[in-house]
Amino acid sequence: MKELAAIWSELLDLPPGEIPHDTGFLRLGGDSVLAVRMSALVRKRLGVALALSDVRVDTTLGELAELVRRRAAGGPGPRALPITVTPRPDPHAEFPLLPLQQGYFVGQQDGWELSYDSAHYYLDYALTGVDGDEAADALADAIERLAAHQPTLRARVTSDGRQHVLPADAPGAVPPVRVYDLRNADAGQIAVTLRDVRQEMSANGPDPAHGPGLDVRLTLLPEGEGRLHLGLSLLIFDGWSSSVLSRDLLAFVADWNAALPPLEIHFGDYVASLAGLPATEAWQADRDWWWSRLEALPGPPALPLAADPQQVRPVTMGNREHRWSADRWSALRQQCTGRGVTPSTAMLTAFGVVLARWAGHRRMLLNSLQLNRLPLHPDVQRVVGAFAATMLLPLDLGPAATFAQLATAAQATSGEHAAHNLVTGVEVGRELARRRGSWRPVGPVVFQSVLGVDAAMGGRPPEDAGPLGRVVASDYFHQLRTPQVAIEVRCFELGSEMVAVFSLVEELFDPDQVAAAFAEFVALVDALADGSGWDRVPGLPEAAEPEPDESLRIGLLPETAVRHQEGPPADDLEQAVADVFEELLEVPVLDRGADFFGLGGDSLLAVRAVVRLAKEAGTSVPVREFLADPTVAGVTLAVRARLGDGR
């Protein structure tokens, strides 16, 4: 109990002696992100492995102590995974992409509607007190040391969708640093250069299929000012990793002699260890849990659209952003604690209310981005990699419920679904799309919250950057490009403030509707912070499900009905396509109407089929055309069209 109290004291910034045994973690100021950190610390310091589902936000210290005692004594633990992460014999050997990485990879092949040639996040922020003569060399040296400490910075992705890490001394392995020296430039030249750099880095992100997944640039400005520019491939970095990257990078920049504690494992070791996950009872139980609920899952919020996503080719996503001051953010946290919900849950519920009013119905399916770092090793939280996963989250908002009641229900639903996190939202979405016969994204509306990450990492990021001066995190610019996403809300902390951003494909929505929805969201959160919004009944639509009509709406868009005459392959080209299907799926393909996904394929295997067909047929079929009609006959028609064969 004493060791656990010390861990809670560290995470919650409370004296150990003042932590009651019968008060929940949430009531004391914890949240779901801190609960992940708690699980990792228990494993590291006490040698007891806890599953994420073991540690709920409402767990008391007494309940946790009893759970740890049972685990330490070898007691029942149905969620404990018989998986150990150890260093691989060959750290440069290829390993598979995780499910969300696969989705990003296929999106970069223009496989989905709302695809981009690079799935990435761009960020730049201000620096002050920069040593213009030393900064560039210090940054380049820090990146080199960081690439040695975090091998994922040297990761590459192959054309058929696998990943590997280059040796540290391989040509081009370490991301280079590009410098713009504007110390003697006038204001006009500075404005043009910054605009051009932002436009280039926002629209052309790093792609680990062709080079480093990290793009680092430094702009030196007059009077010791500067900006640090970072482009991060989503194939390489998730949200937690970007925070790890920033902290490690600033530690190296601030001190030429800094040495971080070495990592015992790396991302490839973690991914390789998951190969045995589907054979475990815990994974199979999670799969059965999800599969039993698929038929009852609602569709996404039926937001009205200005264009069919299939016809849109976005370059970047637009942002609507609001900051809440330190006082307002503190007030919101206190209100949430008093109501027994996390701030992330409050933001999720507010987003759900806004979506329901906008779409005109109360039941909806959201896509939620999760950290998903299984606590299989004490170093998992310190490793850079694309660990994140999605989770499909149904919301059923009661029309007569107060906001507090809606939030309590949303937290229960979210906790129940997160407890079955071994099967990811990408995998569930594939099965859901297969059953519904849909080729459109099943979860194009996304909720993401990393509120609490700073506390889980031990405090706010450092501001001292040595020769780079001091970081002014509040002065920043950012852009996101995420395939298959029409709109998402992102919630995060910025120092002592809280920020919420609507990122959306501008071409899809009426700008006045977006502005109204965002204003409503901000007003709802303001009312929660001052306490007046919790006991109100939000006034939701009476309709639980959307009413189909002739307008374009998310989740109600037309599907291409493809029907081919059944029978054996009609000619040599159809037989060649069938042979490629057989080779990749390892099942007999005897029918020209056989569907690639119905036979057990997925989007990554579809990319590999396209690569294989290019060799067999002498022409490349775009991935999007393959996915639009993934039958033997349909793919053959696409090949014929590319060959100019009209048969």
Indicate whether any N or O donor in one side chain lies under 3.5 Å from an N or O acceptor in the other, for Ser241 and Arg373. yes
Quick one: does His120's side chain have a donor or acceptor within less than 3.5 Å of a partner on Met201's backbone? yes
In terms of side-chain heavy atoms, does Asn319 have a donor or acceptor partner in Ser503 at a distance below 3.5 Å? yes
Aromatic ring centroids of Phe267 and Phe387 under 6.0 Å? yes
For the side chain of Glu321 and the backbone of Ala500, is there at least one donor-acceptor N/O pair under 3.5 Å apart? no
Side chains of Gln479 and Ser202: do they bring a donor and an acceptor to under 3.5 Å? no
Pair Phe477-Tyr125, ring-ring contact (aromatic ring centres under 6.0 Å, His included): steps then yes or no: CA-CA 7 Å; Phe477 176 89; Tyr125 51 77; over 10 Å; no
Could you tell me whether Asp269 and Arg88 make a salt bridge, using a distance below 4.0 angstrom between a side-chain N and a carboxylate O? yes
Got a donor-acceptor contact below 3.5 angstrom from the Gln108 side chain to the Pro483 backbone? no
Taking atom CD of Glu520 as the centre, does the number of heavy atoms from other residues, nucleotides or ligands within less than 6.0 Å exceed 12? yes
Salt-bridge test for Arg145 and Asp248: reply yes if a basic N is under 4.0 Å from a carboxylate O, no otherwise. no
Expected output: side-chain Ser246 to main-chain Ser242 donor-acceptor under 3.5 Å: yes
Measuring centre to centre across the rings, with the benzene-like ring taken for any Trp, is Trp289 within less than 6.0 Å of His417? yes
Is a salt bridge present between Glu506 and Arg320, judged by a nitrogen-to-oxygen distance below 4.0 Å? yes
For a side chain to side chain contact (heavy atoms under 4.5 Å, CB included) with Thr349, tell me which candidate from Leu524, Val354, Leu406, Thr408 qualifies. Leu406
Any side-chain heavy atom of Ile236 sitting closer than 4.5 Å to one from Thr152? yes
Quick one: does Ser414's side chain have a donor or acceptor within less than 3.5 Å of a partner on Ala410's backbone? no
Look only at the side chain of Ser9 and the backbone of Ala5, and say whether a donor-acceptor pair between them is shorter than 3.5 Å. no
Test log, rule side-chain hydrogen bond (donor to acceptor under 3.5 Å, both in side chains), inputs Gln370 and Ser368: CA-CA 6 Å; Gln370 304 289 306; Ser368 173; 2.6 Å; yes
Could you walk me through whether Arg460 and Asp454 pass the salt bridge (Lys or Arg N to Asp or Glu O under 4.0 Å) check? CA-CA 5 Å; Arg460 296 178 190 171; Asp454 285 350; 5.9 Å; no
Taking His377 for its side chain and Asp379 for its backbone only, find out whether a donor-acceptor pair lies under 3.5 Å. yes
Using atom types as modelled and distance alone, determine if a side-chain donor or acceptor of Gln101 lies under 3.5 Å from a backbone N or O of Leu98. yes
Quiz question: by atom type and distance under 3.5 Å, do the side chains of Trp290 and Glu427 form a donor-acceptor pair? no
Donor-acceptor contact below 3.5 Å, side chain Arg156 vs main chain Gln163: no
Given Ser273, which partner from the list Thr84, Leu374, Ile83 fulfils the side chain to side chain contact (heavy atoms under 4.5 Å, CB included) test? Ile83
Validation row, ring centre Tyr104 to ring centre Tyr116 under 6.0 Å: no
I'd like to know if the side chain of Arg323 reaches the main chain of Ser474, judged simply by a donor and an acceptor atom lying under 3.5 Å from each other, with no hydrogens or angles considered. yes
Checking side-chain polar atoms at under 3.5 Å, does Tyr122 have a donor or acceptor matched by the opposite partner on His478? no
